[in-house]
Structure formats: structure tokens, C-alpha cells
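Bear in mind the structure is a predicted one, so any value in this text is a computation, not a measurement. Just so we're on the same page: letters track the sequence lines, and every chain starts at 1.
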Number of protein chains: 2
Amino acid sequence: MLRDKTKTVLDETLAGNGLRMTRQRQLVYEVLMAETTHPTADDVHRQVRKKMPSVSLATVYNCLETLVECGLIRQVNRDRDSSRFCGNLNEHAHFHCNACGSVHDIDLSENTLAELAPKQATGFQVKQFEINFRGVCPQCQKKHPL
Amino acid sequence: MLRDKTKTVLDETLAGNGLRMTRQRQLVYEVLMAETTHPTADDVHRQVRKKMPSVSLATVYNCLETLVECGLIRQVNRDRDSSRFCGNLNEHAHFHCNACGSVHDIDLSENTLAELAPKQATGFQVKQFEINFRGVCPQCQKKHPL
DNA sequence: CTAGGTGCAAAAGGTTTGCGGTTAA
DNA sequence: TTAACCGCAAACCTTTTGCACCTAG
């Protein structure tokens with residue numbers, strides 16, 4: 001059922017943008033929906049290959065780009081590391097661990113968003129924003145109890 | 001005088017990190033202090049060449065990396081475009097114009113920072129954060145009065 | 001049927017690196 | 001004096017692109 005619902009969302013969104021549903025896009029999307037680890041294009045490629053060994057990395061890049069453009073997933077960058085992708089569409093920030101490189105979703109209260117919005121008033125037309133935290137994640141804190 | 005003060009800050013910070021003062025680092029730093037346009041490494045290279053034609057792009061990259069590591073400048077990324085660099089060390093956000101690609105500093109009130117800080121409490125040790133806005137800058141709004 | 005999508009391999013673009021020569025402290 | 005730094009060119013890595021073939025609608 002969940003699978004079906006996911007497929008419907010993808011299907012309708014693609015159709016709404018005049019794009020086709022393909023097995024490659026479906027598989028890429030399913031990986032993103034199932035993962036909370038913010039995989040890179042390469043990670044996604046490895047996952048998708050399990051179900052469709054012939055898929056190429058270039059196609060995965062293309063599918064990811066399409067999904068980002070449709071607003072079905074988010075692209076998450078940390079400096080110039082490989083881009084990562086995120087299927088969580090709720091407004092949230094990203095926490096990047098300096099020790100292990102992992103990325104975690106951090107929920108933001110509605111308040112935070114309301115607080116931030118007015119900050120742009122000075123002539124800039126803000127369409128979106130992103131917030132990134134950096135530091136040490138709970139697991140790495142245990143490993144290196146500074 | 002401003003020049004001298006700038007030089008002192010650079011000098012002392014480098015010394016404090018066991019690093020040498022070189023003419024290349026000084027020139028790179030001066031460019032960043034003088035610019036508010038968030039130049040790329042290539043932009044900086046062009047500027048520095050005016051005073052020292054022999055400087056290489058690789059050296060500019062190295063100098064920028066050193067300055068970032070010393071905390072004297074900030075690195076600003078937008079997706080996978082060329083990195084840009086920022087000499088403004090006040091806590092501020094960056095606004096990226098979707099139309100012309102320009103980057104602008106947006107001051108954040110102390111309040112915003114205080115508001116954001118608690119959001120991480122759930123076990124994450126936050127050391128820094130960044131906020132990026134995207135939209136259309138005032139100039140581009142005039143050109144394309146949607 | 002046919003426009004849009006895929007796979008492949010090659011190219012692009014930004015950044016880093018290895019190395020011999022140079023220089024700040 | 002000598003470890004750190006520089007300039008050069010080549011390497012690197014992620015991402016994009018051109019093209020012939022394939023396929024969803």
C-alpha cells in the first residue's frame with residue numbers, strides 16, 4: 001500500500017509536469033522515500049542496481065535532477081562534497097556531522113520559519129531558504145567523548 | 001591605516017596558527033576585505049594578478065583554504081557552482097539571486113540566533129550554522145518586473 | 001508512432017596534488 | 001638554515017553531455 005501510494009504521488013507529479021513515468025525514476029524515487037540517510041547519487045545508483053542492474057549512473061543523475069525539479073525530493077550540499085538527496089519534504093534543517101560526514105534532519109518549529117521570514121524584507125524577494133548546522137552527531141560524541 | 005590594521009589581523013592570526021605571512025596570502029586577504037561581492041577563486045585570482053602577475057590559481061586556492069581554516073574568511077557555496085568567499089565575519093545569512101547568481105549578505109538579528117540555537121538540543125552538538133535564502137535580488141526585480 | 005528517456009563513453013568544470021625551486025622566520 | 005610555501009602542470013572527482021537506441025503514452 002505504501003508502495004502504491006508512493007507510486008501514485010510520483011506518477012501524478014510527473015504527469016502534472018508533462019513528464020513520463022519510467023521504471024528508473026520509480027526506483028530512484030523509492031530509494032529516496034525509504035532512506036533517511038541522505039544518500040549520494042552513487043549510493044542511490046548502488047541501491048537501484050539491486051533491482052535493475054543495467055541502470056547507469058548518468059541516468060540516476062538525470063532522474064534525481066528531474067525529481068528535484070518536480071519538488072519531490074531535496075538536494076543537500078555540504079561544501080563541495082558529493083550532493084546528497086533527501087526525500088523528507090517537511091520544512092526542516094540539516095545537521096552535518098564534522099566527524100563522520102552523516103547528515104540528519106532537524107525539525108524546525110513553525111515559529112522559526114515565521115521568525116526568519118521578515119528578515120528578508122529589505123527588497124529581496126525570498127522564494128526559499130535552507131538552514132544547515134554543523135557539529136558532532138550523538139554517535140560520534142560517544143566515540144570521542146571530548 | 002585600514003590596510004595596516006588588516007595586515008596586523010592577518011599577521012597575528014597566521015602566526016597564532018604557526019603559519020607564515022606571505023605576499024600571496026596578504027593580497028588574497030586584502031581582496032576579500034575590500035570586496036562585498038563574494039568573489040570566486042577565479043575572481044580573486046584576477047584581482048590579485050593586478051598587483052602580482054605571477055601568482056597562480058592553485059596558490060590562490062591554497063591561500064583561500066588557509067584563510068578559511070584560520071577563520072579569517074567564510075566559504076559560501078550554492079549547489080555545485082564555484083565556491084565563493086566572504087570577508088564579512090559578522091553572523092549573517094546569504095541571499096542567492098536565482099536570476100543573476102549574485103550573493104548578498106543579510107544581517108541577522110541577535111534574536112534569530114537565539115531562536116535557532118535551542119532547535120538543536122536533541123543530542124546534537126552544534127558548532128556553527130548557516131542560513132541561505134534564494135530568490136530574486138532587487139536589481140533583477142526591476143529588470144524583470146513580473 | 002514519436003517525443004522523451006536511457007545507457008554509454010567521453011568531456012567539462014572546479015579543485016587538488018606532486019614536485020622542484022623559492023622564501024619567511 | 002630549513003620547514004613552509006609557491007608555480008606549474010597534470011590528476012582528480014563529481015556531474016553533464018552527445019548520440020544512437022529504446023519505450024511510454
Side-chain angles (χ1 to χ4, degrees), chain A residues 7-8 10-29 31 38-46 48-49 51-70 72-85 101 103, chain B residues 7-8 10-29 31 38-46 48-49 51-70 72-85 101 103:
Chain A
K7 184 166 182 297
T8 302
L10 175 60
D11 218 337
E12 292 178 353
T13 307
L14 287 173
N17 287 66
L19 298 168
R20 286 185 190 165
M21 167 63 113
T22 66
R23 178 145 170 72
Q24 290 86 341
R25 285 175 179 168
Q26 187 185 334
L27 290 172
V28 167
Y29 185 59
V31 168
H38 305 82
T40 62
D42 205 63
D43 295 333
V44 174
H45 184 216
R46 264 193 295 277
V48 172
R49 272 194 156 166
K51 299 206 173 175
M52 189 184 189
S54 67
V55 76
S56 75
L57 179 57
T59 293
V60 170
Y61 270 109
N62 287 334
C63 291
L64 288 168
E65 183 184 20
T66 301
L67 295 178
V68 169
E69 284 173 356
C70 290
L72 288 169
I73 63 175
R74 282 172 64 182
Q75 185 168 354
V76 183
N77 296 304
R78 171 201 157 97
D79 294 343
R80 298 198 58 88
D81 294 349
S82 301
S83 292
R84 290 162 171 275
F85 298 87
V103 179
Chain B
K7 186 166 180 300
T8 302
L10 175 60
D11 218 336
E12 292 178 351
T13 306
L14 287 173
N17 288 65
L19 298 167
R20 287 185 189 164
M21 169 62 115
T22 65
R23 181 146 168 70
Q24 290 87 340
R25 286 174 178 169
Q26 187 184 333
L27 291 172
V28 167
Y29 186 59
V31 168
H38 306 81
T40 62
D42 204 64
D43 294 334
V44 174
H45 185 217
R46 264 194 294 277
V48 171
R49 273 195 155 164
K51 298 205 172 176
M52 190 184 189
S54 67
V55 77
S56 74
L57 178 56
T59 293
V60 170
Y61 270 108
N62 286 333
C63 291
L64 288 168
E65 183 184 19
T66 301
L67 296 177
V68 169
E69 284 173 355
C70 290
L72 288 168
I73 64 176
R74 281 173 63 184
Q75 185 168 354
V76 182
N77 296 305
R78 171 201 155 96
D79 294 341
R80 300 197 60 87
D81 294 349
S82 302
S83 291
R84 290 162 171 275
F85 298 86
V103 180

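- Over its length, the helix from C:dC1-D:dG25 to C:dA25-D:dT1 turns its helix axis by 50°, as judged from the five terminal pairs at each end, rounded to 10°.
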Q: Would you check, one step at a time, whether the test side-chain contact (heavy atoms from CB on, under 4.5 Å) holds for B:Arg84 with B:Ser82?
A: CA-CA 6 Å; B:Arg84 290 162 171 275; B:Ser82 302; 5.8 Å; no
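- Using a 4.5 Å heavy-atom threshold, the side chains of A:Leu14 and A:Thr66 count as touching.
- Side-chain nitrogen and oxygen atoms of B:Thr22 include none within less than 4.0 Å of the OP1 or OP2 phosphate oxygen of D:dC5.
- Protein chain B touches strand DNA chain C; the 5'-most and 3'-most nucleotides with an atom under 4.0 angstrom of its non-hydrogen atoms are C:dG14 to C:dA25.
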Q: Before giving the answer on side-chain contact (heavy atoms from CB on, under 4.5 Å), spell out for A:Gln24 and A:Val48 the whole-Å C-alpha distance, their side-chain angles and the decisive distance to 0.1 Å.
A: CA-CA 8 Å; A:Gln24 290 86 341; A:Val48 172; over 6 Å; no
Q) side-chain contact (heavy atoms from CB on, under 4.5 Å) between A:Asn17 and A:Glu69: does it pass, once the steps are laid out? A) CA-CA 10 Å; A:Asn17 287 66; A:Glu69 284 173 356; over 6 Å; no
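- One finds a side-chain N or O of B:Ser56 lying less than 4.0 angstrom from the OP1 or OP2 phosphate oxygen of D:dG7.
- Nucleic acid contact for B:Ser54: sugar-phosphate only, since backbone atoms but no base atoms lie under 4.0 Å from a heavy atom of the residue.
- Rounded to a whole Å, the CD atom of B:Gln24 is 14 Å from the C1' atom of D:dC8.
- Of the two residues contacting DNA chain D, namely B:Leu19 and B:Arg49, the nearest-nucleotide position lying further toward the 5' end is that of B:Leu19.
- Atoms CZ and OG, from A:Arg78 and A:Ser83 in turn, are 13.0 Å apart once rounded to the nearest 0.5 Å.
- The side-chain heavy atoms of A:Arg46 and A:Asp43, taken from C-beta on, include a pair separated by under 4.5 Å.
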Q | B/S/- contact track for nucleotides 10-23 of chain D, protein heavy atom under 4.0 Å | A | ----SBBB-----B
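- In this structure, OG1 on B:Thr40 lies 11.0 Å from NE2 on B:His45, to the nearest 0.5 angstrom.
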Q) Could you walk me through whether B:Phe85 and B:Val31 pass the side-chain contact (heavy atoms from CB on, under 4.5 Å) check? A) CA-CA 10 Å; B:Phe85 298 86; B:Val31 168; over 6 Å; no
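- A distance-only check finds a donor-acceptor pair linking the side chain of A:Arg25 to the backbone of A:Arg20 [under 3.5 Å].
- For the pair B:Val76 and B:Val103, the tightest heavy-atom approach, listed with the atom from each and the gap, is CG1-CG1, 4.4 Å.
- Here the side chains of A:Leu67 and A:Val28 are in contact, with some heavy-atom distance below 4.5 Å.
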